[in-house]
Student: 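Structure incoming, see below.
Not measured: the values here are computed from a predicted model.
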Amino acid sequence: MGQLTGRRILVVEDEPLIAMTIVDMIADLGGSCAVAPSVAAALALIAVETFDAAVLDLNLNGETSVPVGALLRESGIPFAYATGYGGSAADTAAAPVLAKPYVQEDLARALLGLLGA
């Protein structure tokens, strides 16, 4: 059994190749996920699906995922920001930061930490 078996993860990532890599990593860990390439798409998914945790790319083609983080926090869904630029947004103090580039072990550690597993 994978470390994330039965867990649904929201992945907010605007780079298709990176998103596909994250989806594969989560699948290898036994989890499933939905991918949103923008803040609007992420907010729409949160409105209709249930997630156990989320990984949010901080910089989404010129906008930040901070509004997504705010909604997740209000909904009680744990999340981490992923960024290659360091924790530059004020909101990163309120959530773990996963430094890009990261490998599957880093992602697993972050998600398991969020899930308290």
Side-chain angles (χ1 to χ4, degrees):
M1 270 215 196
Q3 297 167 298
L4 296 177
T5 298
R7 303 296 189 136
R8 183 96 170 127
I9 310 299
L10 172 62
V11 175
V12 181
E13 174 59 63
D14 62 335
E15 295 291 335
L17 290 176
I18 294 173
M20 288 183 348
T21 300
I22 297 169
V23 168
D24 287 345
M25 288 180 187
I26 291 171
D28 285 348
L29 294 166
S32 65
C33 59
V35 177
S38 67
V39 169
L43 296 177
L45 279 172
I46 293 166
V48 298
E49 289 196 44
T50 301
F51 296 99
D52 296 296
V55 177
L56 315 177
D57 182 6
L58 186 57
N59 181 6
L60 299 168
N61 198 25
E63 64 179 341
T64 72
S65 60
V66 171
V68 179
L71 180 58
L72 290 169
R73 189 174 298 108
E74 289 172 15
S75 302
I77 301 167
F79 66 95
Y81 287 109
T83 181
Y85 304 106
S88 56
D91 197 53
T92 58
V97 175
L98 186 57
K100 285 183 170 181
Y102 53 85
V103 295
Q104 185 169 332
E105 291 78 20
D106 299 329
L107 179 62
R109 190 176 314 108
L111 288 171
L112 292 172
L114 291 173
L115 296 166

Student: Mind checking side-chain hydrogen bond (donor to acceptor under 3.5 Å, both in side chains) for Glu74 and listing every partner two or more places apart, or none if nothing turns up?
Tutor: none
Student: Can you tell me which residue pairs pass the side-chain hydrogen bond (donor to acceptor under 3.5 Å, both in side chains) test with a partner in residues 95-104, sequence neighbours excluded?
Tutor: Glu13-Lys100, Asp57-Lys100
Student: What distance separates Met20 CE from Glu15 CD, expressed to the nearest 0.5 Å?
Tutor: 11.5 Å
Student: Answer whether the closest heavy-atom distance between the side chains of Val68 and Leu60 falls below 4.5 Å.
Tutor: no
Student: Name all residues meeting the side-chain contact (heavy atoms from CB on, under 4.5 Å) criterion together with Ser38; count only those two or more places apart in sequence or in a different chain, and write none if there are none.
Tutor: Ala40, Ala41, Glu63
Student: I need the full list of salt bridge (charged side-chain N to carboxylate O under 4.0 Å, His left out) pairs touching residues 40-55, with sequence neighbours left out, sorted by first then second residue.
Tutor: Arg8-Glu49
Student: Roughly how far, to the nearest 0.5 Å, is CZ of Phe51 from CG of Leu45?
Tutor: 5.0 Å
Student: Which residues satisfy the side-chain contact (heavy atoms from CB on, under 4.5 Å) test with Ser75, sequence neighbours excluded?
Tutor: Leu71, Ile77
Student: Of the non-hydrogen atoms in Pro96 and Phe79, which two are nearest, and what is the gap between them?
Tutor: CD-O, 3.4 Å
Student: Which residue, Leu58, Val55, Val12, forms the side-chain contact (heavy atoms from CB on, under 4.5 Å) with Tyr81?
Tutor: Leu58
Student: Name the atoms and distances for all side-chain donor-acceptor pairs under 3.5 Å in residues 106-116, with sequence neighbours left out.
Tutor:
unit_1 : atom_1 : unit_2 : atom_2 : d
Asp106 : OD1    : Arg109 : NH1    : 3.2
Asp106 : OD2    : Val103 : N      : 3.2

Student: For residues 23-34, which residue pairs qualify under salt bridge (charged side-chain N to carboxylate O under 4.0 Å, His left out), counting only residues two or more places apart or in two chains?
Tutor: none
Student: How close do Leu56 and Ser65 get, counting heavy atoms only, and between which atoms?
Tutor: CB-OG, 3.5 Å
Student: Once side-chain contact (heavy atoms from CB on, under 4.5 Å) is applied, do any residues pair with Val35, and if so which ones, sequence neighbours excluded?
Tutor: Val11, Ala19, Val23
Student: Rounded at 0.5 Å granularity, tell me how far CG in Leu10 sits from SG in Cys33.
Tutor: 9.0 Å
